[in-house]
A.B. asks: 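Could you have a look at this structure, given as structure tokens, before my questions?
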Amino acid sequence: MAQPAAQRVQFIDRLNDFSMGLSTSRNPLSFDPRQSPRCLNVISRAKTRYLTRRPGQTVLPVLHTSDGSYTVTAETGRCNAMGDFTPVRQAPMVVAKWAGVIRFMRETDGLWRTLETGLVDELGTVRSYTVASGTTSMTNYAIILSDAAEKVRRWDGTAAATRLFGSSLTLTAADTDTVTPIAHDGESWRNRFFFFDVDGFPTRIQWTNSNTFVVSSTNYQDVDIPGVRRIYTGKVLRNQLYLFTRDSIHKVTYLGSDPLISIGPALSSVGVRSKRTIALIVYKGEEHLIFLGTDSRVYIFNGYSATSVSPQIDESNDLSPYYLKRVNGGAYNDAWAVADDRD
């Protein structure tokens with residue numbers, strides 16, 4: 001159930017045949033060729049989303065840091081967020097949150113280590129943000145956001161715990177953050193971090209100063225578009241930022257001065273409520289975004305048009321009892337997707 005980190009491109013050489021419908025198989029090696037094995041079908045149980053690995057249902061080992069030992073045991077809570085993260089001069093990691101606990105896993109040992117406890121047990125997202133210092137130094141950060149009304153966290157891969165997004169870079173300083181918004185999603189773009197779905201201001205966009213964690217009081221714009229009541233998320237495609245609402249997609253143009261950005265229409269016929277299904281892929285040699293639309297169809301978006309790629313699984317084809325029109329609209333926010341980058 002991992003999400004590709006910001007800007008990570010997943011390569012898919014073709015979208016496979018869906019004529020056999022969807023599958024609830026727990027083993028990815030058992031997919032029929034007509035069940036599109038290159039798109040990983042994931043079972044989501046809303047009340048017991050235990051963190052597991054493929055193939056099969058073997059649970060992930062959790063490290064007991066007190067003595068260095070570990071056990072293989074299911075967590076008691078649900079997986080709320082997961083994302084790729086590669087700190088500077090370190091091996092790739094995975095950062096995740098479940099049951100109100102933020103943990104990370106190094107690629108080298110596959111063990112989960114605790115970063116922070118006591119958070120709200122709610123869905124969220126993990127993004128990446130690179131902060132440059134001059135022309136010779138930079139630091140990569142994992143940004144952990146929550147659907148709950150709690151402060152955004154950040155982690156640089158070296159500290160013993162996460163920090164509030166806007167707190168001091170000095171690890172001994174108190175964690176104080178009075179300016180950074182409580183936002184439910186975000187994205188790194190143009191050397192800044194942009195916040196979406198701000199608590200109390202669902203159509204507001206806020207952003208940091210360039211290459212910092214500072215969010216100045218004037219760094220925001222309220223999106224005034226008829227019919228738009230909430231900006232669910234923003235995603236970068238071909239170095240361009242797009243905003244996703246329930247019924248439309250909008251393009252953000254970087255002006256670089258005052259105002260910093262302008263917003264215009266990109267597509268008025270397709271929208272998203274399942275923000276965690278949006279994945280960046282390469283299709284036919286070009287970057288695209290693929291996602292589950294509000295109308296329960298799977299779309300591929302190239303920046304100016306969206307094409308449904310799921311007609312074989314939109315309705316029942318009498319070959320499988322699983323199809324998209326059976327998706328419970330109330331569960332859209334629980335939906336996840338990951339692009340499979342196997343050759």
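Below, all heavy atoms of this structure are taken into account, side chains as well, without hydrogens, waters or symmetry copies.
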A.B. asks: Taking side-chain contact (heavy atoms from CB on, under 4.5 Å) as the criterion, tell me which of E187, R154, R153 meets it with I143.
C.D. replies: R154
A.B. asks: Would you mind telling me which of D334, D185, D147, T233 makes a side chain to side chain donor-acceptor pair (under 3.5 Å) with R276?
C.D. replies: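 Among D334, D185, D147, T233, the one that satisfies the side chain to side chain donor-acceptor pair (under 3.5 Å) with R276 is D147.
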A.B. asks: Quick check for you: to the nearest 0.5 Å, what is the distance between I225 atom CD1 and T203 atom OG1?
C.D. replies: 9.0 Å
A.B. asks: Given 3.5 Å as the limit, does a donor-acceptor pair link the side chain of N191 with the main chain of N211, or not?
C.D. replies: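 Side chain of N191 to backbone of N211: no pair is present.
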A.B. asks: Is there a side-chain contact between K151 and I182 (heavy atoms, below 4.5 Å)?
C.D. replies: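 Yes. Closest side-chain heavy atoms under 4.5 Å.
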A.B. asks: Enter the distance from N333:CG to S274:OG here, rounded to the nearest 0.5 Å.
C.D. replies: 7.5 Å
A.B. asks: Got a second to check how far L260's CG is from L255's CG, nearest 0.5 Å?
C.D. replies: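 CG of L255 is found 7.0 Å from CG of L260.
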A.B. asks: Taking the side chain from S216 and the backbone from T218, do they hold a donor-acceptor pair closer than 3.5 Å?
C.D. replies: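 Such a contact is absent between S216 side chain and T218 backbone.
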A.B. asks: Would you check if there is a donor-acceptor pair between the side chains of N140 and S128 at a distance under 3.5 Å?
C.D. replies: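 The answer is no; no qualifying pair exists.
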A.B. asks: Evaluate whether atom CG of D222 has more than 12 neighbouring non-hydrogen atoms of other residues, nucleotides or ligands under 6.0 angstrom away.
C.D. replies: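 Yes.
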A.B. asks: Per the ring-ring contact (aromatic ring centres under 6.0 Å, His included) rule, which among Y232, F196, F291, Y299 passes with F244?
C.D. replies: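 Filter result, single survivor: F291.
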A.B. asks: With heavy-atom distances below 4.5 Å as the criterion, would you say the side chains of P87 and M93 are in contact?
C.D. replies: yes
A.B. asks: Is the ring centre of Y220 less than 6.0 Å from the ring centre of F201?
C.D. replies: no
A.B. asks: Spell out, as yes or no, whether a donor-acceptor pair under 3.5 Å connects the side chain of K235 to the backbone of L280.
C.D. replies: no
A.B. asks: Main chain of E116, side chain of T162: is a donor-acceptor contact present, judged purely on distance under 3.5 Å?
C.D. replies: no
A.B. asks: Taking the six-membered ring for Trp, are F104 and W155 parallel (under 30°), tilted (30 to 60°) or perpendicular (over 60°)?
C.D. replies: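 Tilted.
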A.B. asks: Heavy-atom distance under 4.5 Å between the side chains of R127 and L145, does that happen here?
C.D. replies: yes
A.B. asks: What I want to check is whether the side chains of N239 and R190 have a donor and an acceptor closer together than 3.5 Å.
C.D. replies: no
A.B. asks: Taking side chain to side chain donor-acceptor pair (under 3.5 Å) as the definition, give me every residue that meets it alongside E122, ordered by chain and number, with sequence neighbours left out.
C.D. replies: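 So E122 forms a side chain to side chain donor-acceptor pair (under 3.5 Å) with R78.
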A.B. asks: Do I144 and V152 come within less than 4.5 Å of each other through their side chains, counting heavy atoms only?
C.D. replies: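 Answer no - side chains too far apart.
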A.B. asks: Any side-chain to backbone donor/acceptor pair from K325 onto D295? Under 3.5 Å, distance only.
C.D. replies: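 Judged by distance alone, yes, a pair lies under 3.5 Å.
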A.B. asks: Return the set of residues passing ring pair (Phe, Tyr, Trp, His ring centres under 6.0 Å) with Y254 (not counting sequence neighbours), or none when no residue passes.
C.D. replies: W189
A.B. asks: Can you confirm whether V252 sits close enough to F194 that some side-chain heavy atom of one is under 4.5 Å from a side-chain heavy atom of the other?
C.D. replies: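 V252 does not reach F194 side chain to side chain.
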A.B. asks: Treating E150 as the side-chain partner and L119 as the backbone partner, does any N or O pair qualify as donor plus acceptor under 3.5 Å?
C.D. replies: no
A.B. asks: How far apart are the closest heavy atoms of A159 and L115, and which atoms are they?
C.D. replies: O-CD2, 4.2 Å
A.B. asks: Can you list everything that forms a side chain to side chain donor-acceptor pair (under 3.5 Å) with H288? Sequence neighbours excluded, please.
C.D. replies: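 Residues passing side chain to side chain donor-acceptor pair (under 3.5 Å) with H288: none at all.
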A.B. asks: Taking atom CD1 of I263 and atom CG of L243, what is their separation to the nearest 0.5 Å?
C.D. replies: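 So the gap between those two atoms works out to 5.5 Å.
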A.B. asks: Would you say the rings of Y129 and Y141 are close, in the sense that their centroids are separated by under 6.0 Å?
C.D. replies: no
A.B. asks: What orientation do F193 and F195 show, parallel under 30°, tilted 30 to 60°, or perpendicular over 60°?
C.D. replies: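 If you compare the ring of F193 with that of F195, the planes turn out perpendicular.
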A.B. asks: Among D197, D247, D199, which one satisfies salt bridge (charged side-chain N to carboxylate O under 4.0 Å, His left out) with R230?
C.D. replies: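 Filter result, single survivor: D197.
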A.B. asks: Is the backbone of N302 close enough, under 3.5 Å, to the side chain of R238 for a donor and an acceptor to pair up by distance?
C.D. replies: yes
A.B. asks: Would you mind reporting whether Q206 and R204 have side-chain heavy atoms less than 4.5 Å apart?
C.D. replies: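 In contact.
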A.B. asks: Distance from S310 atom OG to L292 atom CG, nearest 0.5 Å?
C.D. replies: 8.0 Å
A.B. asks: Taking the side chain as C-beta and beyond, is there a heavy-atom pair between R246 and R229 under 4.5 Å?
C.D. replies: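 Contact flag for R246/R229 side chains = no.
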A.B. asks: With a 4.5 Å heavy-atom cut-off, do N219 and T208 have their side chains touching?
C.D. replies: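 When only atoms from C-beta onward are counted, T208 and N219 do not touch, as no gap falls below 4.5 Å.
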A.B. asks: Got a second to check how far I249's CD1 is from I278's CD1, nearest 0.5 Å?
C.D. replies: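 Going from CD1 on I249 over to CD1 on I278, the span is 8.0 Å.
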A.B. asks: Would you say H184's side chain and S146's backbone share a donor-acceptor pair under 3.5 angstrom?
C.D. replies: yes
A.B. asks: Do you know the tightest heavy-atom contact between S248 and S268?
C.D. replies: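 In terms of heavy atoms, the two residues are closest at CB-CA, 4.1 Å.
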